[in-house]
Amino acid sequence: SDLIKKCFVFLETDYIINYEKYGLRGGIEYNINRYSIRAGFDNSMLTTGFGVNIDKFYIDYAFQVGLNEISFSRENQVNNSHKISIGYNF
């Protein structure tokens with residue numbers, strides 16, 4: 001179906017030798033024309049974001065929040081993170 005062609009799902013794991021820790025990440029991306037909508041998790045962080053592709057340029061925005069810290073109080077916003085990337089595909 002057309003929905004499946006526009007949807008990307010991933011799951012990955014890694015092992016950090018120095019810290020002897022495993023990591024787990026996963027998410028889903030849905031593409032509508034040149035726009036992308038994303039949601040997922042990165043260990044104990046919930047992630048959301050979106051992206052725009054214009055010709056060979058792209059702009060991505062992501063927001064991360066700790067799963068144990070989902071709250072509207074200022075004290076719990078310390079680990080929240082906004083990320084923006086701008087790039088060019090050669």
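In this text, all values refer to a predicted model and were calculated from it rather than measured experimentally.
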Visitor: Mark yes when over 12 heavy atoms from residues, nucleotides or ligands other than Asp14 sit less than 6.0 Å from its CG; otherwise mark no.
Guide: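 Enclosed: over 12 neighbouring heavy atoms sit under 6.0 Å from CG of Asp14.
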
Visitor: Might you work through the side chain to side chain contact (heavy atoms under 4.5 Å, CB included) test for Leu11 and Leu24, ending with a clear yes or no?
Guide: CA-CA 7 Å; Leu11 183 65; Leu24 183 64; 3.8 Å; yes

Visitor: Is the count of non-hydrogen atoms from other residues, nucleotides or ligands lying under 6.0 Å from Tyr22 atom OH greater than 12?
Guide: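 Check fails, neighbour count at 12 or below.
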
Visitor: Answer yes if Tyr15 and Phe10 sit in the same cluster of Ile, Leu, Val, Met, Phe, Trp and Tyr residues linked by side chain heavy atoms under 4.5 Å apart, and no otherwise.
Guide: no

Visitor: Decide whether Tyr35 and Tyr30 are clustered together by the hydrophobic rule: side chain heavy atoms of Ile, Leu, Val, Met, Phe, Trp, Tyr closer than 4.5 Å, transitively.
Guide: no

Visitor: Could you go through His82 and Tyr61, starting from their C-alpha distance and side-chain angles, then the distance that decides it, and tell me whether this counts as side chain to side chain contact (heavy atoms under 4.5 Å, CB included)?
Guide: CA-CA 7 Å; His82 298 272; Tyr61 168 79; 2.5 Å; yes

Visitor: Which distance, rounded to the nearest 0.5 Å, do you find between the SG of Cys7 and the CG of Asn31?
Guide: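 It comes to 8.5 Å.
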
Visitor: The criterion is ring pair (Phe, Tyr, Trp, His ring centres under 6.0 Å); which residues satisfy it with Tyr88, sequence neighbours excluded?
Guide: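 For Tyr88, the residues satisfying ring pair (Phe, Tyr, Trp, His ring centres under 6.0 Å) (neighbours in sequence not counted) are Phe57, Phe90.
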
Visitor: Quick one, Gln64 with Asp42, criterion side chain to side chain contact (heavy atoms under 4.5 Å, CB included). Give me CA distance, side-chain angles, the key distance, then yes/no.
Guide: CA-CA 9 Å; Gln64 290 182 312; Asp42 183 355; 3.8 Å; yes

Visitor: Side chain of Thr47, backbone of Gly40: donor and acceptor closer than 3.5 Å?
Guide: yes

Visitor: State, with a plain yes or no, whether a side-chain heavy atom of Thr48 is found less than 4.5 Å away from one of Arg38.
Guide: no

Visitor: Could you check whether any side-chain N or O of Thr13 sits under 3.5 Å from a backbone N or O of Gly23, counting only pairs where one atom can act as donor and the other as acceptor?
Guide: yes

Visitor: What residues form a side chain to side chain contact (heavy atoms under 4.5 Å, CB included) with Ser85, not counting sequence neighbours?
Guide: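 Side chain to side chain contact (heavy atoms under 4.5 Å, CB included) check on Ser85 returns Tyr58, Asp60.
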
